[in-house]
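One structure below.
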2 protein chains.
Amino acid sequence: MSTGPELLRGHLDALLLGVLADRPAHGYAVIERLRERSAGAFDLAEGTVYPALHRLERDGLLSSRWSSEPGRPRRVYSVTRRGVSALSAHRGTWRSFAQAVDRVLGESVLSEAGR
Amino acid sequence: MSTGPELLRGHLDALLLGVLADRPAHGYAVIERLRERSAGAFDLAEGTVYPALHRLERDGLLSSRWSSEPGRPRRVYSVTRRGVSALSAHRGTWRSFAQAVDRVLGESVLSEAGR
DNA sequence: TCATGTGCCTAGCTAGTCTAGGCATTGCCT
DNA sequence: AGGCAATGCCTAGACTAGCTAGGCACATGA
């Protein structure tokens, strides 16, 4: 990740559900889309994404099927109904989190200049 | 934390520097200020905050002295010059991170409604 | 005197992410 | 034909930041 390590912690599920809510995709494509959508900020390793996808499927937020299209076999993931509502919850959580950080980081902007 | 576990990962240093940049404080007060400023979103355990303060001091971003005022002994932390610039860097990192998450989470808002 | 709030601290756990590997297919270039 | 890069899947184990759960001491007021 170009934004620095560790920042992602706890937000990955939301991001994966976010890209997949748009339209289904296989793991490799998820990584690319995440990189594109974030303008390069999220450049995740496969070892980060695949286990997370598996976990989300195990928890019923994603479902997968093997693509029947010719060429390399791909596991295509879709967001389930439960996944959609989980994403919606994640969005709310993210908003409060971001707002809280903004408040803490923002309120001392003025005092910063006077140092 | 009321916003959920794990989300804080990697953002704690920025938050601590943020509250202390306003004015120096001792650990216990840092926790209270964080709770107030975030409107209850960040309600951190002492076991989270104290080790982090120690680490920041070890890294030269904070300095501490024992309060000479009557009453209970308190270790009061101030942000050092290096801490101020670290905070500024953290602000930049936070902005790109938040922007990237917003982009990933935001772009599928419309498609969410049609489900 | 006994509980509650304040205030400091740390050892060890937990869990999500990352590292570092492995494997197979496709397509291109020489 | 051979080789290499890109695609595409996977997992075991390491790493580490934050959390749990405990300890200690003083102040205050009931």
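Numbered from 1 within each chain, the chains take letters A, B, ... in sequence-line order. Just so you know, these numbers use all the heavy atoms, side chains as well, and skip hydrogens, waters and symmetry mates.
Smallest separation of non-hydrogen atoms from B:Phe42 and A:Ala100: CE1-CB, 3.5 Å. Here the closest non-hydrogen pair linking B:Glu46 and B:Pro51 is O-CD, 3.7 Å.
Across the protein-nucleic acid pair, B:Tyr50 atom OH and D:dG22 atom P stand 19 Å apart, rounded to whole Å. In this entry the distance linking CD of B:Glu32 with C1' of C:dG5 reads 10 Å, nearest Å. With rounding to whole Å, A:Leu53 atom CG is found 13 Å from C:dC18 atom P. Here C:dG16 presents its C1' atom at 18 Å from CD of A:Glu46, a figure rounded to the nearest Å. Atom-to-atom, NE2 of B:His26 to P of C:dT6 comes out at 10 Å; the value is rounded to the nearest Å. Atom-to-atom, OH of B:Tyr28 to P of C:dT4 comes out at 14 Å; the value is rounded to the nearest Å. A:Asp43 places its CG atom 16 Å from the P atom of C:dT17, with the value rounded to the nearest Å. The nearest whole Å value for the distance from the CD atom in A:Glu6 to the C1' atom in C:dA15 is 11 Å.
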**OP:** Evaluate side chain to side chain donor-acceptor pair (under 3.5 Å) for A:Ser64 paired with A:Arg75, printing each intermediate quantity in order.
**Re:** CA-CA 6 Å; A:Ser64 76; A:Arg75 184 187 282 277; 2.7 Å; yes
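The base of C:dG16 is paired with the side chain of A:Arg9 by a donor and an acceptor separated by under 3.5 Å. A donor-acceptor contact under 3.5 Å is not formed by the side chain of A:Arg72 with the base of C:dT26.
Listed nucleotides: C:dC8, C:dC18, D:dG18. Nearest to the side chain of A:Leu44: C:dC18. Nearest nucleotide to the side chain of B:Leu8, out of D:dC19, C:dT10, C:dC8: D:dC19. You'll find that the side chain of B:His54 is closest to C:dT10, out of C:dT10, C:dT25, C:dC18. Here C:dC18 is the nucleotide among D:dC9, C:dC18, C:dC8 with the atom lying nearest to any side-chain atom of A:Thr48. Comparing C:dC9, C:dT10, D:dC9 by their nearest atom to the side chain of B:Pro51 picks out C:dT10. Nearest nucleotide to the B:Asp13 side chain, out of D:dC10, C:dT6, D:dG18: D:dG18. Of the candidates C:dT6, D:dG18, C:dC9, the closest approach to any side-chain atom of B:Leu12 belongs to D:dG18.
Residue-level contact check: B:Gly27 touches the backbone only, with heavy atoms under 4.0 Å from sugar-phosphate atoms and none from bases.
Expressed to the nearest 0.5 Å, how far CG of A:Asp43 lies from CD of A:Glu36 amounts to 11.0 Å. Taken to the nearest 0.5 Å, the CZ atom of B:Arg55 stands 8.5 Å off from the CG atom of B:Leu16.
Annotation: of the two residues near DNA chain C, A:Pro73 and A:Gly47, the 5′-most nearest-nucleotide partner is A:Gly47. Nearer the 5' end of DNA chain C, as judged by each residue's closest nucleotide, is the contact made by B:Ala29, out of B:Ala29 and A:His11.
Using a cut-off of 4.0 Å between Lys/Arg side-chain N and Asp/Glu carboxylate O, B:Asp59 and B:Arg82 are scored as not salt-bridged.
When the side-chain nitrogen and oxygen atoms of B:Arg55 are compared with OP1 and OP2 of D:dG18, one or more of them lie within a distance under 4.0 Å.
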